[in-house]
Each structure stands twice: as structure tokens, then as C-alpha cells.
K.L.:
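The structure follows.
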Protein chains: 2
Amino acid sequence: MPIKADLDAIDWKILRELQRDGRMTNVELSRRVGISAPPCLRRVKRLEETGIIRGYRALLNAPALGMDVVAFCLIGLHHQADAELKAFAERTRSWPIVRDAWMVSGESDFLLHCVTSDLATFQSFVIEELTSTPNVDTVRTALTIRQVKDAGLVEINALNQTQ
Amino acid sequence: MPIKADLDAIDWKILRELQRDGRMTNVELSRRVGISAPPCLRRVKRLEETGIIRGYRALLNAPALGMDVVAFCLIGLHHQADAELKAFAERTRSWPIVRDAWMVSGESDFLLHCVTSDLATFQSFVIEELTSTPNVDTVRTALTIRQVKDAGLVEINALNQTQ
DNA sequence: CCCGCTGCGCAAGAATCTTTCGCAAACACG
DNA sequence: CGTGTTTGCGAAAGATTCTTGCGCAGCGGG
């Protein structure tokens, strides 16, 4: 699945710009990376088709939309057989409060990124949903105070552009 | 800062669509939300200007770009005075490995989302950077096995559209 | 030396963006 | 009720951008 595509300096620049502003016009993008619009569009399309660009997403302001509580939950299961891991993973997808989730190794088995409107909703989710889910052993929660950094998913610096 | 803007059903539809595909053309967006293009564009612009839409971002495929290691670090500090919290927050911004970071309350003080090319790089980051940073008390790490859910930041369901 | 491959950029038509303007519905107020 | 104000939709048109087709240059391999 990971194709490890060989990208040149221009491709890296495109990725950096689109990670910074995914709605930039192709004309502006082509100007920034130093080629004309048609080849630039072809490169973007190729990056999308090969899956290197998985998609585009608007970043929403959660508090302004009434979602004031962001929290992380570390979940430990009793049994970690493959079927049980898959079952819990599937369950996270059915909880709207859980925005993204990771299977992890270490002291816990899952890490959930949760967003809710208020603390009461979050607490009832933890108590009535999480801890009452079969096979769930431990639930440790960390309420967020504020986000202190929000870069894109992948670091793209000048070094990538010299390949 | 959180404006708690009053949004109607069409605004919520716009947010839902753009969170799903941030590069959709305005014509396509207007068709999906049921109004013509000009008022649709005005609404999007207003959502951007009021900060409800914070920006747009391309979602990159980290493994395909050679970033095979995703991990989370829970950091506990010795002292949690305001100046020290700010100092550590500032430091997270200088580490390229840290892609986003949260100040949290609970057993730890910070949660770091880290992405690196390989395990050795991550380990040397933890040992040589994190644990040797002044005021850092505890560092707990959770290596991710795989992401099991990746929805947008905010849940937008049909209920929002009946306001 | 020639051939095939790759990728750039020009040019033109299609689609989209963006502004302007008229209009209708909702509302406040006398 | 009637009137003025506000708000937001949608048609129209020009500007911009997207998208495709095509010619050309650079680069290896036979």
C-alpha cells in the first residue's frame, strides 16, 4: 500500500503548499512551485491518484460551533486478540463523539480523540458508553486546555526539495 | 473569540461538505446545499472571515512519504506555573517531529502527536530532546499501530440542519 | 545517430469564479 | 395595516481559472 513514490523537488513543494492551503487555485500553486499551470495540475492529479494526497478537508473552529470540549481517552482492553481489537476499532467508528482513533502499543491499546459540546456529554459518554463496553478494562482521560500546535500531518522542509 | 455564530441549515450543510471535501468547486457545493452559486460563495466567504472555517488542508499519506512512525507522547512537567507551561508549549512548536500538541489536564500536562520516518529517529527525539528538556518530569509514549478512524474535527449530522 | 520516453509550456475552448444588480420575503415600527 | 429597512436569493456578464490537445526539448538506450 505505501507506494514510496519517487517525488522530485517540485512535487514536495506542491505537497507543502497544499498542506498549508488546500484550496489554493492551481494557477497560484503553479506560480509558487515555479512551473506553468498544466503540468502543475497533472502533478496534483497524479499525487491524488497515487494516494499520496488522500483528500482535502476544511478545518473548522470547534468552539465557534458549540463544541467546547476536546479530550483524549486512553483505553486498555482485557483481551487483545485480533478479533477483539477489530471489534473495538469498529465500535469507535460508531461513536460520533470520537473524531479519530488509533490502535496503539504501550500501556494502552487505543487512543481516542473526542470532541463534544459540553463536559456532561463527555462524562456520560465515558461512563455509559466506554466503561460499559465489553472487554474495556481501563479508561484514562485527558481533557484538553488548549491546542498549542497544529501543523500539517507531515513535515516538509527545504531538505525534501533537493532530491 | 468563539463567536458562536448563528448558522442556518444551509450553513451547516456547507460546513459538512467542505469538511468532507475541502476542494469541491463552489458550483458543486452550491448544487449540494440547494442554492445558487453566488449566495453559496458569499456564505463560504463569511464562514472563512468569521473564523468558523479556519483553513483548508490537504491530507497527506504519511507512510507513502516515508513517514512510517506515528506516536503520541504524554508529558508531565515538574512545575506547572503559567510561564513554564508557555515555555514548553513554545518548545513543541520548534520540534518538527511534533505535528500537533495539546495542553491537557489529568495525569499529564501535554499530549504530543509525533510523526517520524523511523523508530530510531523517534527514540533519539524522546531521549535526547524530550527527557533532556528542563522541567520535563515524565514521558510516556504510545506508538501507533494503525489509525482506525479519521472523521473531520466536528460532527455535523442531520440534526444541525433543522435549526 | 536515431528512437522512444518523459515532462514542460503554449494556446484555445470549456467551466468556474466573482461582481453587480434587481427582486422578494421577513421584520420593525409608527 | 402600511411603509421603510434589512436580508438574502438568483440572473447576467465579465474576469479568471480549469482542462485538453499538441508541439517541442532533454535524456537514455539501442
Side-chain angles (χ1 to χ4, degrees), chain A residues 2-61 64-66 156 158-163, chain B residues 2-61 64-66 156 158-163:
Chain A
I3 311 146
K4 287 287 195 302
D6 56 278
L7 307 174
D8 64 9
I10 294 178
D11 288 320
W12 282 105
K13 283 187 190 174
I14 288 174
L15 294 177
R16 187 184 54 179
E17 295 299 329
L18 287 182
Q19 186 171 234
R20 221 174 264 173
D21 177 8
R23 256 211 138 170
M24 188 181 301
T25 67
N26 183 59
V27 170
E28 170 68 12
L29 179 62
S30 66
R31 198 187 59 73
R32 293 200 181 200
V33 304
I35 58 177
S36 65
C40 185
L41 187 65
R42 280 193 294 263
R43 283 169 178 263
V44 172
K45 284 241 183 318
R46 191 173 66 90
L47 291 169
E48 290 169 356
E49 283 161 7
T50 57
I52 291 176
I53 295 178
R54 288 157 44 217
Y56 302 89
R57 189 171 284 174
L59 303 178
L60 304 186
N61 183 337
L65 295 173
I156 302 176
L159 296 179
N160 291 110
Q161 301 168 25
T162 58
Q163 180 184 342
Chain B
I3 311 146
K4 288 286 197 303
D6 56 279
L7 307 174
D8 64 8
I10 293 177
D11 288 320
W12 282 105
K13 282 187 190 173
I14 289 173
L15 294 177
R16 188 185 53 180
E17 295 299 329
L18 287 181
Q19 186 172 235
R20 221 175 264 173
D21 177 7
R23 261 216 134 164
M24 187 182 300
T25 67
N26 183 60
V27 170
E28 171 67 11
L29 180 62
S30 65
R31 198 188 57 74
R32 293 200 183 200
V33 304
I35 58 178
S36 65
C40 185
L41 187 64
R42 281 194 293 264
R43 282 169 179 264
V44 172
K45 283 238 181 321
R46 191 173 66 89
L47 292 169
E48 290 170 356
E49 283 161 7
T50 57
I52 292 176
I53 295 177
R54 289 156 44 216
Y56 302 89
R57 187 171 285 173
L59 303 179
L60 304 185
N61 184 336
L65 295 173
I156 301 176
L159 298 179
N160 292 109
Q161 300 167 24
T162 58
Q163 179 183 342

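Here is how names work: the chains are called A, B, and so on, in the same order as the sequence lines, proteins then strands, and each is numbered from 1. Computed from a prediction, not measured in an experiment: that's the story for all the values here.
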K.L.:
Output all residues satisfying side-chain contact (heavy atoms from CB on, under 4.5 Å) with B:R20, sequence neighbours left out; order by chain, then residue number.
P.N.:
B:R16, B:E17
K.L.:
Between C:dT16 atom C1' and B:E28 atom CD, what is the distance in whole Å?
P.N.:
12 Å
K.L.:
Using whole Å, report how far CG of B:N26 lies from P of D:dC18.
P.N.:
13 Å
K.L.:
Which of these passes side chain to side chain contact (heavy atoms under 4.5 Å, CB included) with A:R46: A:I53, A:D11, A:L41?
P.N.:
A:D11
K.L.:
Which one of A:V33, A:L29, A:I14 satisfies the side chain to side chain contact (heavy atoms under 4.5 Å, CB included) criterion with A:R43?
P.N.:
A:I14
K.L.:
Figure out the CG/C1' separation between A:D11 and C:dG7, and round it to whole Å.
P.N.:
11 Å
K.L.:
Report the nucleotide, chosen from D:dT19, D:dA12, C:dC17, that has the shortest atom-to-atom distance to any side-chain atom of A:P38.
P.N.:
D:dT19
K.L.:
Can you measure B:M24 atom CE to C:dT16 atom C1' for me and round it to whole angstrom units?
P.N.:
15 Å
K.L.:
Does C:dT6 have OP1 or OP2 under 4.0 Å away from a side-chain N or O of A:R42?
P.N.:
no
K.L.:
Select base, sugar-phosphate, or nothing to describe what A:S36 touches, counting heavy atoms under 4.0 Å on all strands.
P.N.:
base
K.L.:
Nearest whole angstrom, please: distance from the C1' of D:dC9 to the CD1 of B:I35.
P.N.:
8 Å
K.L.:
Counting side-chain heavy atoms from C-beta on, which of C:dT16, C:dG9, D:dC18 comes nearest to B:V27?
P.N.:
C:dT16
K.L.:
Quick one: closest heavy-atom pair of B:R54 and A:L60, and the distance?
P.N.:
NH1-O, 3.0 Å
K.L.:
A:E48 CD to D:dC18 C1': how many Å, rounded?
P.N.:
13 Å
K.L.:
In terms of side-chain heavy atoms of B:P39, which of D:dC18, D:dG10, C:dT16 is nearest?
P.N.:
D:dG10
K.L.:
Between D:dA11 atom P and B:L41 atom CG, what is the distance in whole Å?
P.N.:
16 Å
K.L.:
Mind calculating the distance between CZ (A:R43) and C1' (C:dC8) to the nearest angstrom?
P.N.:
9 Å
